[in-house]
Amino acid sequence: MGERAGGRQTGPKCIAILGPFASGKTTLFEATLARTGAIAKHSSGTHQIGDPSPEARAHGMSIEACFATCDFLDESLTLVDCPGSVEFSFDAEPVLTAADAAVVVVDAADKKLPALQVILQRLDELGIPRMLFLNKMDKSDAGVRETLKELQAVSSVPLLLRQIPLRKNGIVIGSIDLAMERAYIYREHAPSEIQPIPDDDRAREVEARFSMLETLADHDDQLMEQLLEEIEPPRDAIFDDLAADLRAGSVTPVLIGAAEKGNGILRLLKAIRHDVPDVTETRKRLGLHAEGETVLQVMKTLHTGHGGKISVARVLSGAIADGTELPGAGKVSGLYTLLGREQKKVQKAGEGDTIALGKLDEARTGATLTTAKDASPTLASIAIPQPVHTASLRPRDRKDEVKLSAALQKLTEEDPSLVVDQNQESGETILGGQGEMHLRVARERLEGKFQIAVDTDTPSIPYRETIRKSVTQRGRHKKQSGGHGQYGDVVLDIKPLPRGAGFEFTETITGGVVPKQYIPSVETGVREALKKGPLGFPVVDIAVNLAEGSYHSVDSSDMAFQLAARLAMKEGLPQCQPVLLEPILKVEVATPSDATARVTAILSQRRGQILGFDTRVGWNGWDVVEAMMPQAEIANLIIELRSATAGAASYEARFDHMAELTGRQAEEAMNGKGKAA
């Protein structure tokens with residue numbers, strides 16, 4: 001024991017700060033920066049750099065990752081405040097790819113277990129070491145061990161309590177560090193006062209410390225022998241075990257404090273400095289064998305008002321200087337360290353540094369860049385989540401259409417979880433995202449940052465229509481004017497096809513009554529007529545056969561036969577008992593098990609057909625509910641689901657089939673209330 005961690009790693013580190021919404025992440029972020037001297041003393045209830053955008057300040061929440069590089073005890077540390085709201089959580093994905101570890105902030109006064117589980121599960125999938133910071137201890141009257149027991153239910157990794165609270169008259173006034181065996185009395189926005197452990201708390205400390213050592217002994221046979229023989233292990237060996245188990249992902253250390261008052265911050269910083277791995281371990285996790293090359297991972301894209309495009313990246317190996325050419329991305333024009341939106345220009349950056357690179361026009365969030373002339377390696381595939389909330393956009397001033405397209409491109413570069421789709425059928429520009437607030441902020445940015453006023457609406461539903469009955473219909477187009485006239489004559493057999501069969505055109509002409517050169521024109525006329533049927537929607541699942549007809553040797557033409565076919569379809573389709581079709585989606589909702597009944601009720605109220613539910617594989621206490629649901633009912637579904645699940649539920653939907661729609665809903669669709677495409 002004593003050599004497992006391989007010593008303290010001293011290179012520049014990058015730490016992602018995560019946590020459920022309103023857990024106090026940004027407060028911890030700024031309190032930590034204040035303790036390092038990077039910013040002025042933190043003020044309660046205000047944020048100096050953690051809410052860098054007007055939209056974040058307006059809504060009182062983090063909406064994008066915020067980077068700040070500081071020094072602590074002569075070592076470089078970059079902290080990244082990642083959004084807590086599930087709607088903006090994708091911003092953490094490219095950050096986590098290149099981060100060395102995560103600090104997960106948990107609100108001790110109001111535990112948000114499902115949201116916490118989502119975060120911890122993702123860290124498990126990525127194999128990222130993490131610490132838990134139990135925040136707002138000054139406002140909690142719950143026992144820390146009881147709290148830990150509840151938190152353990154959503155963590156697949158053992159939670160290791162490193163500190164226990166010191167209380168006076170029921171109020172937390174400090175903590176006892178179980179590794180150091182010291183008491184720390186909190187002082188507001190100042191380092192704690194070190195004191196001996198009070199006699200009244202000694203028994204509690206001994207019990208909690210032994211529990212910590214037992215957990216560590218699960219991964220250290222020598223420590224296990226010492227505990228069995230009641231030998232006090234060396235303190236250095238305990239610290240080595242703490243670091244080794246954190247880096248291996250065997251345990252999740254839990255520290256306590258109150259970020260708003262600056263309590264527990266210094267112990268957290270020292271734990272990061274001593275225990276957290278640096279970029280050498282991150283390279284191993286990503287499978288990077290650089291062999292002297294300069295390799296960078298892009299964590300965030302920003303479009304600034306004056307400096308243009310900025311790519312925030314981690315130097316995984318090698319070094320980079322201003323003016324460096326990065327094949328496939330461009331030439332670096334400006335190199336900066338970040339403190340929120342404040343930029344400090346530097347000439348070069350080394351291995352492990354987190355740096356902002358100016359004007360790399362071709363660089364994208366999540367991309368791996370290198371100075372090598374061959375293709376850049378792809379270290380991590382970042383999957384864009386499927387949109388769960390959509391809106392159609394249109395500029396209030398038509399002259400802004402080109403500006404809107406360019407602005408949306410910049411928005412999606414900054415936030416790849418925003419998805420833009422141009423619906424060719426309806427002509428709509430559809431913006432998709434992860435929730436109502438997500439799209440609201442995007443609209444505010446269009447209007448504030450890009451000066452484009454836009455209107456939004458619910459996207460059109462791609463209704464279709466089909467027929468139930470077969471009909472034979474003649475269509476004759478005959479027009480005589482000066483010179484050549486127009487003549488086309490067709491007899492069409494129109495019949496329904498099975499659902500999903502599409503369109504089928506055939507001909508059974510005999511005797512050349514319609515010359516072969518005009519048959520393609522007949523099909524063209526039929527297809528044109530199917531673009532809008534008698535109910536006002538495109539017609540599908542239909543077969544048309546050209547059975548008879550006639551022509552004129554002089555007056556017949558391609559256009560005449562097209563018009564004859566369109567006339568036959570226009571007159572024939574209303575006789576075929578047309579019926580409306582609506583798209584049906586296969587929906588899979590992931591939900592905490594205690595909300596499954598509420599979720600199924602929501603789906604049923606939206607005309608959903610429940611197919612069943614099962615446990616979510618690999619997720620303790622979660623289910624997946626499957627249902628068939630009309631696309632017309634999907635709008636705002638995510639709002640109801642999250643309201644019923646404390647913000648934790650998510651869903652995926654894909655087109656499954658078209659189904660007949662009759663009654664009131666069909667009438668509303670045909671009257672325009674259903675927003676036909």
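When reading the values below, keep in mind they use all heavy atoms of this one structure, side chains included, and skip hydrogens, waters and symmetry mates. Since the structure is predicted, the reported quantities are computational estimates derived from the model, not experimental observations.
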Taking M131 as the fixed residue, which of V254, L268, V104 is the one that meets the side chain to side chain contact (heavy atoms under 4.5 Å, CB included) rule?
L268
Show your reasoning for whether side chain to side chain contact (heavy atoms under 4.5 Å, CB included) applies to R642 and V86.
CA-CA 10 Å; R642 288 186 176 148; V86 65; 3.5 Å; yes
Backbone N or O of [Y] within a donor-acceptor pair of the [X] side chain at under 3.5 Å?
X    : Y    : answer
Q195 : A183 : no
E588 : Y651 : no
D278 : K13  : no
N135 : A259 : yes
T97  : E93  : yes
S643 : I639 : no
T215 : S211 : yes

Between [Y] and [X], do the side chains contain a donor N or O and an acceptor N or O under 3.5 Å apart?
X    : Y    : value
H438 : D415 : yes
D623 : T615 : no
T645 : T591 : no
S62  : T26  : yes

Mark yes when over 12 heavy atoms from residues, nucleotides or ligands other than D218 sit less than 6.0 Å from its CG; otherwise mark no.
yes
Do [Y] and [X] meet the salt-bridge criterion of a basic N to acidic O distance under 4.0 Å?
X    : Y    : answer
E146 : K149 : no
E150 : R145 : no
E652 : K586 : no
E281 : R247 : no
K139 : E260 : yes
D107 : K136 : yes

Which of T282, T280, T78 passes side chain to side chain donor-acceptor pair (under 3.5 Å) with D100? Answer is T282
D275 and side chain to side chain donor-acceptor pair (under 3.5 Å): which single residue from R8, R162, Q9 fits?
R162
Would E193 and R187 count as a salt bridge (charged side-chain N to carboxylate O under 4.0 Å, His left out) if you check the C-alpha gap in whole Å, the side-chain angles of each, and the deciding distance to 0.1 Å?
CA-CA 7 Å; E193 180 184 337; R187 296 189 299 170; 5.4 Å; no
Restricting to non-hydrogen atoms, name the atom on A644 and the atom on A595 that form the minimum distance, rounded to 0.1 Å.
O-CB, 3.7 Å
For a salt bridge (Lys or Arg N to Asp or Glu O under 4.0 Å) with D177, tell me which candidate from R267, K270, R209 qualifies.
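For D177, the salt bridge (Lys or Arg N to Asp or Glu O under 4.0 Å) check succeeds only for R267.
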Side chain to side chain contact (heavy atoms under 4.5 Å, CB included) assessment of I17 paired with V80:
CA-CA 6 Å; I17 300 179; V80 190; over 6 Å; no
